[in-house]
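Below you will find the structure I want to go over with you.
Since this is a predicted model, take the numbers as computed values, not measurements. Proteins get letters first, then strands, A, B, ... in listed order; numbering begins at 1 in each.
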Amino acid sequence: MAGCFGVVAVISPVSSSAVLADAAAAEEPTAAQDAAEAILQIEGDIAYGQFLASECLTCHQESGATDGIPAIVGIAKDYFVLAVVEYQTNVRDSDVMRVQVASLGGEEIAALAAYLGTLDPK
Amino acid sequence: MTKLTRRRFGVLAGIGATTLAMPAYLRAQGAAPRVVIIGGGAGGATAARYIARDSEGAIDVTLINDADRYTSCFFSNLYLGGFRDFASITHDYATLESQYGITKVTGLAASVDREAMTVTMADGATLPYDRLIVAPGIDLIYDAIEGYSEEAAQIAPHSWKAGAQTQLLHDKLNALEDGQNIVMVAPPNPYRCPPGPYERVSMFAHVLKSKGFTNSTITILDPKPRFSKQGLFTEGWARHYPGMIDWLGADIIDEVGAVDVNAGVVETGFGAFEGALLNIIPPQKAGAIAAQAGLTDDSGFCPIDANSMRSTIDENIFVIGDASIAGAMPKSGFSANSQAKVAALNVRGDLTDARVFPARYANTCWSLIETNDGVKVGAQYAVEDGVIASTSSFISETGESDELRKETYEESLGWYAGITADMFGTSA
């Protein structure tokens with residue numbers, strides 16, 4: 001649990017190359033990375049993502065302000081998808097996030113990523 | 001912008017389709033359909049903003065609240081404990097009006113005419129609606145406790161609706177002297193904010209301890225046999241406030257009897273308890289307008305369709321927040337905010353060509369026991385067998401590290417900033 005939000009907060013949206021570079025250092029892609037790659041192949045439904053994201057925006061502010069909880073608007077798609085999968089698989093440790101993402105399938109995660117990517121921090 | 005075609009999400013195809021057609025006169029006139037929302041709290045304000053934001057002007061949104069400012073019940077305990085000032089839990093509707101085009105009406109909604117589809121204000125003004133969202137929160141059943149009344153609440157505050165009552169309790173708490181005692185009467189289920197009474201007692205104790213009052217005690221007279229986060233609070237009270245707090249549940253007191261607010265006495269089946277400060281939190285029901293509109297059942301709350309938060313009594317009305325019967329969800333600001341988003345989507349689905357997706361709900365309740373000692377309980381919800389059911393959940397554990405408890409408290413600060421921004425459209 002400790003530092004879970006901090007980890008997300010300090011790593012602002014990054015490209016897949018950075019994520020994959022980390023993976024390369026670990027030699028084999030992790031199961032979470034494999035799952036994330038599969039989800040990234042799904043075309044996200046932005047309208048569905050808009051509804052799903054409303055749940056996220058209770059805590060993660062639409063303006064991009066942080067106030068102790070990291071921003072997710074405008075987040076890089078590959079970074080976001082991997083983060084969600086890592087919460088689902090307990091690679092990232094957060095009670096709140098584990099529960100929030102527990103019932104998200106690939107289509108839902110792809111939809112969220114597609115919608116959040118359309119938002120600009122104010 | 002209003003279109004006549006409707007695309008429904010596959011899972012919901014066919015559900016309630018006959019109830020969702022756009023009113024014929026709107027098609028003829030091309031007028032923007034009107035949504036009226038009663039209640040400007042976590043449910044109503046959120047619904048107003050989401051409908052206005054996502055319909056992009058296609059729906060005319062009017063938000064009724066009985067005051068021009070809103071003081072949140074959530075975090076009002078932190079004001080009592082001295083962790084927040086009153087201004088920080090008080091918000092206005094200026095951004096909703098200026099940036100979202102929402103019409104804010106300040107006043108009391110006196111009645112709903114469901115046949116005519118109008119809301120009549122106490123001043124006689126009439127507001128027509130195509131869809132109505134009812135989000136009045138709770139009302140207190142004063143006469144459920146003998147000797148208690150709205151008038152008596154000026155002496156023995158409930159402070160379960162935030163605002164002047166919260167300030168009254170704050171002032172009475174801070175006027176206590178060492179050796180004077182507090183007696184709280186906790187409410188029976190169901191009530192707003194299940195951990196709230198016990199967080200409040202923690203804040204009482206924090207204030208007394210901070211002043212070095214070693215001779216004052218706090219007694220909780222509880223008509224319930226157990227309470228939310230009981231293990232966590234019990235552990236925290238023993239750790240931070242040893243000997244100061246006594247919780248007496250239904251197994252001991254049997255029931256709460258008469259209250260004499262002038263004498264500061266509460267009768268129970270286990271004898272009388274005396275306090276210089278009485279905090280009486282009576283049983284609760286849906287806000288009065290819900291009953292006036294005929295939207296409540298025998299429980300005093302409003303049955304809803306779990307897929308949409310639509311009233312099961314009137315298909316043109318949605319009920320969200322504390323006034324609704326929302327299955328496994330607790331009555332909380334977070335729950336109301338979550339339900340508002342489902343209702344907002346379904347309202348847009350009714351009145352525009354917006355697609356409607358399967359309902360999802362969430363809640364987390366954070367509580368502060370002592371400085372930097374935060375705990376939480378939360379869950380995700382979905383519709384199962386026609387009711388809102390928990391699909392996964394978590395709760396803080398006893399024995400957690402100080403570091404984790406501090407993080408939990410700080411997380412709650414982030415949540416407060418987030419949900420109020422989500423409700424009022426403001427940004428830090």
Q: Let me know if Gln100(A) has heavy atoms under 4.5 Å from chain B in its side chain, its backbone, both or neither.
A: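 The answer is both parts of Gln100(A).
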
Q.
Run the salt bridge (charged side-chain N to carboxylate O under 4.0 Å, His left out) test on Glu108(A) and Arg360(B) for me, step by step, so that the C-alpha distance in whole Å, both residues' side-chain angles and the decisive distance to 0.1 Å come before the verdict.
A. CA-CA 12 Å; Glu108(A) 283 75 26; Arg360(B) 298 171 53 89; over 6 Å; no

Q: Would you check if there is a donor-acceptor pair between the side chains of Gln50(A) and Asp54(B) at a distance under 3.5 Å?
A: yes

Q: Could you name each residue pair satisfying side-chain hydrogen bond (donor to acceptor under 3.5 Å, both in side chains) that touches residues 383-397 of chain B, not counting sequence neighbours?
A: none

Q: Pick one of side chain, backbone, both or neither for Ile419(B), based on which atoms fall under 4.5 Å of a heavy atom in chain A.
A: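 Both parts, backbone and side chain.
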
(Q) Please report the interatomic distance OG(Ser54(A)) to CZ(Arg49(B)), rounded to the nearest 0.5 Å. (A) 10.0 Å

Q: Answer with side chain, backbone, both or neither: which region of Tyr50(B) has an atom nearer than 4.5 Å to a non-hydrogen atom of chain A?
A: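 When you check distances to chain A, only side chain atoms of Tyr50(B) fall under 4.5 Å.
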
Q | Pair Arg98(A)-Gln380(B), side chain to side chain contact (heavy atoms under 4.5 Å, CB included): steps then yes or no | A | CA-CA 10 Å; Arg98(A) 175 178 55 76; Gln380(B) 183 80 18; over 6 Å; no

Q | side chain to side chain contact (heavy atoms under 4.5 Å, CB included) between Tyr416(B) and Cys59(A), intermediate numbers included | A | CA-CA 8 Å; Tyr416(B) 189 88; Cys59(A) 299; over 6 Å; no

Q.
According to side-chain contact (heavy atoms from CB on, under 4.5 Å), who are the partners of Asp322(B), at least two apart in sequence or on a separate chain?
A. Ile138(B), Arg192(B), Lys331(B)

Q) For Lys341(B) and Phe51(A), which heavy atoms make the closest approach, and how far apart are they? A) O-CE1, 4.0 Å

Q: Could you check if a side-chain atom of Asp422(B) sits within less than 4.5 angstrom of a side-chain atom of Gln61(A), using non-hydrogen atoms only?
A: no

**Q.** Residue part contacting chain A, namely of Arg405(B), when any heavy atom lies under 4.5 Å
**A.**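 It is neither, since no heavy atom gets under 4.5 Å.
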
Q. So which part of Ala379(B) gets closer than 4.5 Å to some heavy atom of chain A, the side chain, the backbone, both or neither?
A. backbone

Q | Heavy-atom proximity to chain B below 4.5 Å, by part of Ala47(A) | A | both

Q) Which distance, rounded to the nearest 0.5 Å, do you find between the OG1 of Thr58(A) and the CH2 of Trp415(B)? A) 9.5 Å

